[in-house]
Asker: 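Pasting in a structure now, in structure tokens, and then I'll have a few things to ask.
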There are 2 protein chains.
Amino acid sequence: MSEHHRMTRQRRVILEELRRLSTHPTADEMYGIVRKRIPKISLGTVYRNLEMLAETGTIRIVRTCGRQMRFDADLSDHVHAVCVRCGKVIDMPGASPAVHPGIPGPAGSGFRQIATRTEIIGVCADCTGGEAECEG
Amino acid sequence: MSEHHRMTRQRRVILEELRRLSTHPTADEMYGIVRKRIPKISLGTVYRNLEMLAETGTIRIVRTCGRQMRFDADLSDHVHAVCVRCGKVIDMPGASPAVHPGIPGPAGSGFRQIATRTEIIGVCADCTGGEAECEG
DNA sequence: CTACCTGCAAACCCTTTGCAAACCG
DNA sequence: CGGTTTGCAAAGGGTTTGCAGGTAG
């Protein structure tokens with residue numbers, strides 16, 4: 001119930017490592033990375049810390065059309081490109097999404113708009129040769 | 001390995017029922033609906049048929065920031081609005097997304113762009129009163 | 001007939017949780 | 001010290017899959 005958060009070694013290392021990356025790692029990838037410095041850390045701890053860091057606005061959770069959550073320490077407003085083959089997420093600096101609003105749902109359905117989320121779908125350099133099935 | 005698909009009763013009913021809806025149901029919701037007409041149908045069959053119908057381009061899989069897949073028989077190009085409280089997806093007719101492209105990733109990373117996916121995040125009429133944690 | 005499809009149930013993957021011990025402040 | 005946090009392991013939810021029996025063409 002409290003709002004006091006302690007800076008444990010686990011939390012510090014997770015944040016340090018995430019900030020070192022621009023690859024938007026999954027929880028599992030973070031687990032692998034952090035384990036090099038804290039071999040006994042558990043995956044549950046990684047999830048709990050990433051979730052808390054996101055709640056306090058220190059990092060962001062990146063939810064793409066892919067199945068796994070990804071995490072990003074870059075809080076600036078930027079667009080992500082998602083590889084439909086491997087799920088990798090890369091930044092698209094300079095891309096600027098714009099949504100010219102329409103009328104939500106069956107006329108005036110009372111939908112209160114908070115934000116817009118745009119991602120670019122494609123195939124990354126490592127995966128060239130395949131096709132997509134991500135939808136919009 | 002074949003490309004021949006049979007029109008089974010299960011497949012026909014799933015497609016009929018999906019076409020009757022504009023609510024972008026989850027697999028589980030489809031299961032509930034179809035079971036009224038085919039009580040013994042299994043959830044696995046529902047998933048397999050929805051997947052195949054999507055592969056053949058008859059329907060679309062709608063992947064939002066939410067955890068569950070949703071399905072849509074409306075193949076036209078349209079924007080979805082996602083409720084962050086309940087996950088419901090509604091259509092936003094008239095909304096037109098535009099992405100002014102930037103340079104993908106670390107200069108010329110070879111990302112081949114296929115599409116853009118935009119969704120509107122907000123709170124639906126039934127859920128007014130809460131807040132968000134969906135990211136972009 | 002027979003390749004494709006179904007129902008069932010178990011397997012899978014990712015994420016979340018309960019709990020007792022460890023730890024920060 | 002006392003409330004947080006951890007490690008472990010099990011539970012949870014959504015989706016996928018193996019299999020043997022059923023069925024469309």
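Bear in mind that the values here come from a model prediction, so they are computed numbers and not experimental data. Chain letters run A, B, ... following the sequence lines, proteins first and then strands; every chain starts at 1. Any value given below was found using the heavy atoms of this structure, including those in side chains, with hydrogens, waters and symmetry copies removed.
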Asker: Let's go through S22(A) and D74(A) carefully: what are the C-alpha distance in whole Å and the side-chain angles of both, what is the deciding distance for side chain to side chain contact (heavy atoms under 4.5 Å, CB included) to 0.1 Å, and is it a yes or a no?
Answerer: CA-CA 8 Å; S22(A) 58; D74(A) 176 359; over 6 Å; no
Asker: Once you round it to whole Å, what is the distance between C1' of dA24(D) and CZ of R12(B)?
Answerer: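 About 11 Å, once rounded to whole Å.
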Asker: Can you tell me if R67(B) touches the phosphate of dT15(C), counting only side-chain N or O atoms and a distance under 4.0 Å to OP1 or OP2?
Answerer: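 No.
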Asker: State which residues pass side-chain contact (heavy atoms from CB on, under 4.5 Å) with R11(B); sequence neighbours excluded, sorted by chain then number.
Answerer: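 Partners of R11(B) under the side-chain contact (heavy atoms from CB on, under 4.5 Å) test: H5(B), M7(B), T8(B), N49(B), M52(B), L53(B).
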Asker: Please confirm whether any donor atom in the side chain of R6(B) sits under 3.5 Å from an acceptor in the base of dT23(D), or the reverse.
Answerer: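 Indeed there is one.
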Asker: When the distance from CZ of R70(B) to C1' of dG14(D) is rounded to whole Å, what number comes out?
Answerer: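 Atom CZ in R70(B) sits about 13 Å away from atom C1' in dG14(D).
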Asker: Cut-off 3.5 Å, no hydrogens considered: what does the side-chain donor-acceptor table look like for residues 87-95 of chain A, sequence neighbours left out?
Answerer:
residue: K88(A); atom: NZ; partner: D126(A); partner atom: OD2; Å: 2.7
residue: D91(A); atom: OD1; partner: H24(A); partner atom: NE2; Å: 2.8
residue: D91(A); atom: OD1; partner: H78(A); partner atom: NE2; Å: 3.1
residue: D91(A); atom: OD1; partner: H80(A); partner atom: NE2; Å: 3.4

Asker: Report the distance from atom CD1 of I38(B) to atom C1' of dC5(C), rounded to the nearest whole Å.
Answerer: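 Atom-to-atom, I38(B) to dC5(C), this comes out as 12 Å.
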Asker: For residues I14(A) and I59(A): do they belong to one hydrophobic cluster (side chain heavy atoms under 4.5 Å, members Ile, Leu, Val, Met, Phe, Trp, Tyr)?
Answerer: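 In one cluster with I14(A): I59(A), yes.
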Asker: In residues 15-34 of chain B, what residues come within less than 4.0 Å of DNA chain C, judged by heavy atoms?
Answerer: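 Hits under 4.0 Å, by residue number: none.
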Asker: Which is more 5' along DNA chain D, the nucleotide nearest Q68(B) or the one nearest R9(B)? Just name the residue.
Answerer: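 Between the two, 5'-proximity favours Q68(B).
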Asker: Take atom CG of N49(A) and atom P of dT15(C), then tell me their distance rounded to the nearest Å.
Answerer: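 Atom-to-atom, N49(A) to dT15(C), this comes out as 15 Å.
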Asker: Just by modelled atom types, is the D72(A) backbone N or O under 3.5 Å from a matching donor or acceptor in the R60(A) side chain?
Answerer: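 Pair absent, no side-chain N/O of R60(A) close to backbone of D72(A).
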Asker: Nearest whole angstrom, please: distance from the C1' of dG2(D) to the NE2 of H4(A).
Answerer: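 Going from NE2 in H4(A) over to C1' in dG2(D) covers 13 Å.
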Asker: Are V46(B) and I38(B) linked, directly or through intermediate hydrophobic residues, by side-chain heavy-atom contacts shorter than 4.5 Å (ILVMFWY only)?
Answerer: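 Linked within one cluster.
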Asker: Go through the structure and list residues passing salt bridge (charged side-chain N to carboxylate O under 4.0 Å, His left out) with E51(B), not counting sequence neighbours.
Answerer: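 Expected list: none.
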Asker: What is the separation between atom CE on M52(B) and atom C1' on dT6(C), rounded to the nearest whole Å?
Answerer: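 To the nearest whole Å, that distance equals 12 Å.
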Asker: Take atom CD of Q10(B) and atom P of dC8(C), then tell me their distance rounded to the nearest Å.
Answerer: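 So the CD-P distance, Q10(B) to dC8(C), works out to 11 Å.
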Asker: Using OP1 and OP2 only, check whether a side-chain N or O of T8(B) sits under 4.0 Å from dT6(C).
Answerer: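 Yes, within the criterion.
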Asker: Output all residues satisfying side-chain contact (heavy atoms from CB on, under 4.5 Å) with R37(A), sequence neighbours left out; order by chain, then residue number.
Answerer: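 R37(A) satisfies side-chain contact (heavy atoms from CB on, under 4.5 Å) with V13(A), E16(A), E17(A), R20(A) only.
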Asker: Would a hydrophobic clustering, with Ile, Leu, Val, Met, Phe, Trp and Tyr connected at side-chain separations under 4.5 Å, put F111(B) with V79(A)?
Answerer: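 Result: yes, single cluster for both.
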Asker: Using a cut-off of under 3.5 Å, enumerate the N/O to N/O pairs linking the protein to nucleotides 16-20 of chain C.
Answerer:
residue: dG18(C); atom: O6; partner: R48(A); partner atom: NH1; Å: 3.2

Asker: Starting from C1' on dT15(D), measure out to CD1 on I61(B) and report it in whole angstrom.
Answerer: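 Rounded to the whole Å, the gap is 11 Å.
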